[in-house]
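Counting starts at 1 for both ligands and their atoms, following the listed order.
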Amino acid sequence: MKDSLFHNPPEIVVEIQRLSHGKDLPYPTYMTEFAVGLDVFAAVENEETILPQDIFLCPTGFKVAIPPSFEIQIRPRSGLAIKKGLTIVNAPGTIDPDYRGEVKIGLINLGKDPVTIKRGDRVAQMVLMPRFLIRWKEVDELSKTQRDAGGFGHTGVSFK
Ligand SMILES: O=c1ccn([C@H]2C[C@H](O)[C@@H](COP(=O)(O)OP(=O)(O)OP(=O)(O)O)O2)c(=O)[nH]1
Ligand SMILES: [Mg+2]
């Protein structure tokens with residue numbers, strides 16, 4: 001079991017190019033053995049203070065070339081979000097495989113206090129995800145299900 005695919009996920013090679021303002025920062029990094037996301041380091045010049053309700057497009061100092069069968073999601077870090085209200089306005093952000101610009105993080109301060117991020121702070125995490133293509137097949141009737149059109153809490157919204 002230990003040597004099955006489920007314990008040893010395949011490694012996908014993704015090209016990364018560091019920009020001049022990111023040369024001294026680490027590559028996005030898995031912080032623990034089985035971390036899903038690679039933490040991303042802020043490439044702000046010195047520090048940046050984000051006022052409550054403000055959005056800040058944070059530079060990362062790198063670009064990537066993702067193979068076409070994958071995408072990268074930019075997700076919030078729960079600690080920053082829960083403790084400071086610092087999250088991502090477009091979560092999860094989408095990095096397309098054909099994008100060749102600098103990866104940027106759309107931070108938003110949803111907390112009550114200003115949040116200061118310093119150069120090298122880990123402000124988000126990146127997750128590599130598969131990319132599948134839809135080929136539409138138009139039909140006159142969809143297959144029947146028990147749920148049918150029920151949704152938006154139709155099974156109840158109680159937490160008990
Ligand atoms: O958090 C993000 C989200 C997007 N991008 C970059 C990579 C992505 O491939 C591109 C476009 O993102 P998206 O498709 O989400 O934005 P859009 O508003 O649809 O822009 P476009 O018309 O350029 O696709 O912007 C980032 O750097 N960070
Ligand atoms: Mg788009």
Side-chain angles (χ1 to χ4, degrees), residues 5-6 8-139 142 147 149 151-153:
L5 181 67
F6 301 111
N8 294 292
E11 288 186 1
I12 309 300
V13 175
V14 176
E15 292 179 358
I16 186 166
Q17 180 185 349
R18 278 191 287 185
L19 302 165
S20 53
H21 59 283
K23 284 272 193 266
D24 58 315
L25 294 173
Y27 299 136
T29 303
Y30 294 113
M31 300 303 293
T32 65
E33 195 180 359
F34 300 139
V36 167
L38 304 107
D39 281 5
V40 180
F41 300 83
V44 290
E45 207 175 310
N46 184 21
E47 60 176 42
E48 200 73 40
T49 296
I50 310 170
L51 299 176
Q53 299 303 314
D54 271 8
I55 293 170
F56 172 61
L57 193 57
C58 182
T60 62
F62 67 84
K63 312 190 222 185
V64 292
I66 308 165
S69 293
F70 298 88
E71 59 140 343
I72 284 177
Q73 293 186 357
I74 306 288
R75 302 188 193 171
R77 290 188 63 210
S78 64
L80 281 179
I82 288 157
K83 289 179 189 156
K84 301 191 176 187
L86 191 69
T87 187
I88 293 174
V89 66
N90 59 320
T94 303
I95 310 299
D96 299 283
D98 54 357
Y99 179 67
R100 295 291 179 273
E102 180 179 6
V103 172
K104 294 191 176 166
I105 315 291
L107 296 173
I108 182 166
N109 180 358
L110 298 181
K112 292 195 175 71
D113 301 314
V115 177
T116 298
I117 55 167
K118 295 193 173 66
R119 183 172 180 81
D121 281 353
R122 291 175 285 130
V123 289
Q125 55 185 325
M126 292 177 27
V127 178
L128 185 70
M129 301 287 289
R131 167 177 175 256
F132 296 103
L133 296 181
I134 288 183
R135 193 194 316 147
W136 295 116
K137 176 184 163 194
E138 191 169 356
V139 295
L142 299 174
R147 172 186 289 275
F152 315 102

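Annotation for Phe70: atom CZ counts as buried by contact number, over 12 foreign heavy atoms lying within 6.0 Å.
Arg119 places a side-chain N or O within donor-acceptor distance of the main-chain N or O of Val44, the cut-off being under 3.5 Å.
The residues lining ligand 1, counting any heavy atom closer than 4.0 Å, are Asn90, Gly93, Thr94, Ile95, Asp96, Tyr99, Glu102, Val103, Lys104.
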Identify each donor-acceptor pair in which a side-chain atom of residues 87-99 lies under 3.5 Å from a protein atom, sequence neighbours left out, and give them as a table.
from	atom 1	to	atom 2	distance (Å)
Tyr99	OH	Glu102	O	2.7

Counting only pairs under 3.5 Å, give me each side-chain donor-acceptor contact of residues 54-68, with atom names and distances, residues two or more places apart or in other chains.
from	atom 1	to	atom 2	distance (Å)
Thr60	OG1	Phe62	N	3.4
Thr60	OG1	Val103	O	2.6

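Checked options Met126, Gln125, Met129; the residue passing with Gln73 is Met129 (criterion: side chain to side chain contact (heavy atoms under 4.5 Å, CB included)).
Taking the salt bridge (Lys or Arg N to Asp or Glu O under 4.0 Å) definition, one finds that Arg75 meets it with nothing, sequence neighbours left out.
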